[in-house]
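If you read the sequence from its start, that first residue is 1, and numbering goes on from there. Worth saying up front: this structure is predicted, and the values here are computed from it rather than measured. As a basis for the values below, the full set of heavy atoms in this structure was taken, side chains included, without hydrogen atoms, waters or symmetry mates. In each ligand, atom 1 is the first atom listed, and ligand 1 is the first ligand listed.
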Amino acid sequence: MANGSDLESWIAGMPKAELHVHLEGCLTPDLARTLATRNKLPPPPSLSSLTGSGNTSSYDFHDLTSFLAVYYPNMTVLQTEQDFRDLALSYLTHAATQNIKHAEMFFDPQAHTSRGVPFPTVVRGYRAGIMTAQRTLGISASLIMCFLRDQSAEYAMATLMESLPFKDSIIGVGLDSDERDNPPAKFAAVYQRASREGYLLTCHCDIDQPNTLTHITQALTELQVDRLDHGSNVLAQPDLVDLLKSKNIGLTCCPVSNSVVTADFKGPDIVALLRTGVKVTVNSDDPAYFRAYLNENMLKMATATDLSRAELIQLQRNAFEISWISSWRRSHFLALLDGYEKSTLHDHDQNHVEGIGNGAAGEVLAA
Ligand code: ADE
Ligand code: ZN
């Protein structure tokens with residue numbers, strides 16, 4: 001078996017896609033300090049209770065509630081178009097060093113408009129960061145606008161209306177923040193309208209939340225989502241697993257985030273879903289807070305479960321397959337990943353992922 005650093009560099013070299021990362025969750029303590037100084041604001045209170053210093057400092061929390069209690073107040077340092085640009089560019093710069101080829105990034109407009117930052121400032125800033133990264137680093141990225149589920153459906157609908165002039169810069173909509181007592185069904189009309197406007201649809205179903213299976217069912221049947229964020233509790237209900245497979249709906253799982261906001265990283269559940277043929281993927285969620293970008297999340301799965309290297313590749317194949325990109329770019333990235341698999345894995349390591357992918361290709365070859 002390969003040693004740890006070999007595995008780490010093999011994961012680092014793999015072409016990857018990230019489908020579940022919150023731009024506001026990429027605000028590192030360092031960047032928060034820089035922006036506070038630039039905007040002549042006091043540093044957010046969470047920075048004074050930081051452990052460590054400089055690049056190694058980290059925020060202090062232990063579950064979803066304490067995380068969100070640090071997360072939203074920190075955003076006050078984001079004021080100008082340039083601030084949002086710098087935030088997007090700083091994440092994409094790091095992502096490019098991890099050989100991430102494409103990222104689909106959540107943002108929370110209401111966390112900014114509710115404190116007086118205009119919607120266009122947010123989107124124009126993020127868009128400028130994406131354009132610069134695309135031009136200078138060759139990484140592609142798109143934006144997914146999340147509604148805050150602990151706010152009203154009317155506020156979500158108003159935000160949806162506000163986004164329409166920027167439709168070309170936003171690929172889809174999602175639902176995040178505090179899930180307790182905020183079921184997906186609350187936003188059914190907003191999602192219907194978003195779909196009519198041409199947005200793709202996804203929705204957080206956070207891990208081990210009260211009524212999680214009801215929420216997953218609502219997301220799939222009432223919101224008619226194209227993807228689910230987290231959602232691995234679905235494993236407890238086989239008919240929902242079948243529904244995911246029949247509709248080719250993928251899950252964007254975040255193992256390190258799971259281990260911070262719940263008691264467990266849920267690796268075995270992610271592995272079980274992968275092995276039944278669900279399009280599960282591995283992602284970082286809020287990397288500045290959970291102190292793990294995509295490579296670290298992949299490494300967690302590689303070291304704390306019995307996944308083979310072929311299965312680790314399959315996680316990334318799933319990510320490109322369920323990503324919201326054109327079919328020709330998807331083919332390009334999948335070919336890149338196939339090339340990586342062929343050049344780095346021995347024959348006996350390859351193509352032994354039972355029940356996953358390649359079924360149709362096999363049939364064509366056999367015909
Ligand atoms: N917003 C940012 N990260 C989140 C998470 N893990 N769950 C719900 N909302 C979020
Ligand atoms: Zn998330």
Side-chain angles (χ1 to χ4, degrees), residues 17-28 32 44 46 58-59 61-75 78 87-88 91 95 103-112 114 122 126 142-151 156 159 172-184 186-187 201-212 215-216 219 223 225-233 250-266 270 280-294 296-297 300 319 322:
E18 166 116 276
L19 306 180
H20 186 154
V21 59
H22 298 258
L23 276 168
E24 291 85 1
C26 299
L27 184 62
T28 59
S46 69
S58 63
Y59 298 113
F61 52 81
H62 52 278
D63 60 13
L64 189 58
T65 309
S66 56
F67 160 66
L68 292 172
V70 170
Y71 188 64
Y72 292 116
N74 276 353
M75 293 180 202
L78 292 161
L87 177 56
Y91 163 69
E104 294 174 5
M105 311 181 298
F106 297 122
F107 72 109
D108 286 343
Q110 292 161 286
H112 313 300
S114 61
V122 180
Y126 284 148
S142 43
L143 291 172
I144 302 172
M145 174 176 71
C146 279
F147 305 113
L148 300 185
R149 67 198 308 159
D150 44 358
Q151 303 288 322
T159 302
V173 301
L175 195 61
D176 67 2
S177 202
D178 195 350
E179 185 164 336
R180 188 178 293 261
D181 299 325
N182 294 299
K186 174 176 163 187
F187 297 92
L201 309 177
T202 189
C203 172
H204 275 58
C205 287
D206 272 274
I207 300 300
D208 294 348
Q209 294 293 302
N211 306 314
T212 186
H215 289 190
I216 292 170
L223 301 193
V225 292
D226 301 288
R227 285 203 306 239
L228 265 188
D229 302 311
H230 301 293
S232 56
N233 287 112
L251 302 186
T252 64
C253 302
C254 309
V256 174
S257 157
N258 292 347
S259 69
V260 178
V261 299
T262 76
D264 186 62
F265 80 115
K266 304 289 179 188
I270 296 168
V280 283
T281 64
V282 164
N283 306 274
S284 69
D285 209 1
D286 299 282
Y289 290 84
F290 302 135
R291 306 191 72 193
Y293 287 78
L294 180 48
E296 291 74 36
N297 275 274
K300 174 85 182 162
I322 68 163

No-hydrogen, no-angle side-chain donor-acceptor test under 3.5 Å, Thr252 and Asn283 | no
Could you verify whether a donor N or O on one side chain and an acceptor N or O on the other, from Asp208 and Asn233, lie under 3.5 Å apart?
-> yes
For [X] and [Y], indicate whether the former's side chain and the latter's backbone hold a donor-acceptor pair under 3.5 Å.
| X | Y | result |
| --- | --- | --- |
| Asp108 | Gln110 | no |
| Thr281 | Leu251 | yes |
| Glu179 | Gln209 | no |

With hydrogens left out, which residues have an atom under 4.0 Å from ligand 1, given that only heavy atoms count?
-> His22, Leu64, Phe67, Tyr71, Asp176, Ser177, His204, Asp206, Asp285, Asp286
Partners of Thr28 by side chain to side chain donor-acceptor pair (under 3.5 Å), sequence neighbours excluded?
-> none
Sequence-distant partners of Asn182, side chain to side chain donor-acceptor pair (under 3.5 Å), two or more places apart = Lys186
Starting from the Zn ion (ligand 2), count all protein N, O or S atoms within a radius below 2.8 Å.
-> 4
More than 12 heavy atoms from other groups under 6.0 Å of CG on Asp181 = no
For the pair Tyr71 and Tyr289, name the ring-plane relationship: parallel under 30°, tilted 30 to 60°, perpendicular over 60°.
-> perpendicular
